[in-house]
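Take a look at this one; I'll ask things after.
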Amino acid sequence: MARIRTIKPEFFTSLTIADLTPEQRLTFIGLWTHVDDAGRCVDDPRLIKAAIWPLDDRTAADIEIDLKALTELSLITRYTLNRKRYIAVTNWREHQRINRPTDSKLPAPEEGDPTPPDPVTRYESDSLNAHAHFSEGSPQERKGKEGNREGKGNPPTPRQSSGSPAVVQTGERAIEDRMTDAFLDRFARGNSYKRRQVRTTIADALANNTDPSELWRALEQLGDTSKPVTANTLQFAFSKIRGSYQPNNVIALASGQPLPGPDTTLAGWAAVAASFDTEDSA
């Protein structure tokens with residue numbers, strides 16, 4: 001049953017919302033009227049399409065793509081309990097003030113487990129698959145990457161950018177894992193950061209030869225302002241810090257020279273960068 005909800009003016013100037021397409025933004029708003037008074041609903045793109053886009057030429061596959069984008073930005077949580085899938089809008093009570101709310105009949109997110117990635121592949125209906133956009137890891141793409149069970153086809157190779165070697169984890173944890181853990185340890189409380197999203201963004205930045213110390217400064221900016229960690233918000237943070245960022249300081253730290261003014265965070269990640277440079281040269 002559709003419900004009356006409110007929308008704040010800040011929605012339209014949010015950097016997080018700016019990362020969404022117009023269709024994804026409308027799906028997010030439509031979800032508010034579709035979920036119950038606790039911000040929860042059944043996770044089925046076909047039902048959500050029928051409730052939010054009943055008269056538009058959009059398929060359940062299109063809605064699945066919208067939901068995946070909302071999940072990656074931590075705007076919704078998708079979870080599973082007893083093999084049933086559910087959605088909960090993140091920070092629901094902070095955004096909606098409901099007079100005499102009805103108790104939810106659906107389980108809370110903390111009662112379930114995170115929904116496995118790429119749930120679009122679980123549907124077999126023609127209406128879904130006819131217009132589906134294949135995501136990385138879908139059966140059609142995996143067939144070309146991994147071959148069949150008889151060993152035909154090319155084996156999967158590590159992701160790498162042109163001109164930079166793929167990171168191979170040997171013994172010690174990769175830098176993106178350590179940087180992700182450090183970020184979440186510092187900023188996860190009170191925010192809705194997802195480890196997978198944060199780590200993917202960090203790994204992509206490092207694969208593009210981003211300096212680790214500069215990357216950490218950008219992550220600090222996002223964490224201090226509770227902004228989501230995405231490629232777009234990271235570029236925005238880079239543009240703000242590069243005016244004051246001094247590469248010579250990183251070189252001085254890596255070589256053991258004193259740095260004007262204390263900056264223990266920058267020193268730490270400069271040392272990490274130096275250690276990886278040493279390993280690569282060896």
Quick check against the 3.5 Å criterion: does Tyr86 have a side-chain atom that pairs as donor or acceptor with the backbone of Gly112? no
Angle between ring planes, Trp216 versus Phe183, binned at 30° and 60°: parallel, tilted or perpendicular? perpendicular
Under 3.5 Å, side chain of Glu72 to main-chain N/O of Gln197, donor-acceptor pair present? no
Closest non-hydrogen atom pair, Gln96 against Thr6: NE2-O, 2.8 Å
Rounded to the nearest 0.5 Å, how far apart are SG of Cys41 and CG of Asp43? 7.0 Å
Nearest-0.5 Å distance, CG of residue Leu234 to CG of residue Asp204: 10.0 Å
Straight-line distance of Asp37 CG to Arg93 CZ, nearest 0.5 Å: 7.5 Å
Donor-acceptor pair, Thr71 side chain versus Thr77 backbone, under 3.5 Å? no
If we ignore hydrogens and angles and just use 3.5 Å, is the side chain of Trp53 paired with the main-chain N or O of Ile63 as donor and acceptor? no
Quick one: do Leu26 and Glu23 satisfy side-chain contact (heavy atoms from CB on, under 4.5 Å)? Show the steps, please. CA-CA 5 Å; Leu26 193 54; Glu23 291 81 7; 5.8 Å; no
Can you name the nearest heavy-atom pair linking Ala231 to Thr201, along with the distance? N-CG2, 3.9 Å
Specify the closest pair of heavy atoms between Glu111 and Leu81, including all atoms of both residues, with the distance to one decimal. O-CD1, 3.3 Å
Atom pair NZ (Lys68) and CG (Asp66), whose distance is rounded to the nearest 0.5 Å: 12.5 Å
Nearest heavy-atom contact between Ile17 and Arg25 is O-NE, 3.2 Å
Inter-residue atom distance Thr16.OG1 - Lys227.NZ, 0.5 Å rounding: 7.5 Å
Polar side chain donor-acceptor pair, Thr230 to Asp19, under 3.5 angstrom: yes
Given salt bridge (charged side-chain N to carboxylate O under 4.0 Å, His left out), test Arg186 with Glu220 step by step and report yes or no. CA-CA 9 Å; Arg186 181 170 174 182; Glu220 283 186 314; 2.5 Å; yes
Counting only N and O atoms by type, is there a donor-acceptor contact under 3.5 Å from the side chain of Asp113 to the main-chain atoms of Thr80? no
If you compare all heavy atoms of Ile7 against all heavy atoms of Phe12, which two are closest, and at what distance to 0.1 Å? CD1-CZ, 3.8 Å
For atom CG of Asp185, is the number of surrounding heavy atoms from other residues, nucleotides or ligands below 6.0 Å larger than 12? yes
Could you check whether any side-chain N or O of Ser14 sits under 3.5 Å from a backbone N or O of Glu10, counting only pairs where one atom can act as donor and the other as acceptor? no
Are the side chain of Arg40 and the backbone N or O of Ile87 linked by a donor-acceptor pair below 3.5 Å? no
Stepwise, does the salt bridge (charged side-chain N to carboxylate O under 4.0 Å, His left out) test hold for Arg195 with Asp177? CA-CA 10 Å; Arg195 189 181 194 283; Asp177 289 317; 3.7 Å; yes
Any donor-acceptor N/O pair, Asp56 side chain to Arg58 backbone, under 3.5 Å: no
Is Asp62 reaching over with its side chain to a backbone N or O of Thr59, donor-acceptor style, under 3.5 angstrom? yes
Which atom names give the shortest non-hydrogen contact between Lys194 and Ser74, and what distance separates them? CG-OG, 3.3 Å
Any side-chain to backbone donor/acceptor pair from Thr210 onto Leu206? Under 3.5 Å, distance only. no
What class does the angle between the rings of Trp32 and Phe28 fall in, given that below 30° is parallel, 30 to 60° is tilted and above 60° is perpendicular? perpendicular
CD1 of Ile48 to CG of Leu67: how many Å apart, nearest 0.5 Å? 4.5 Å
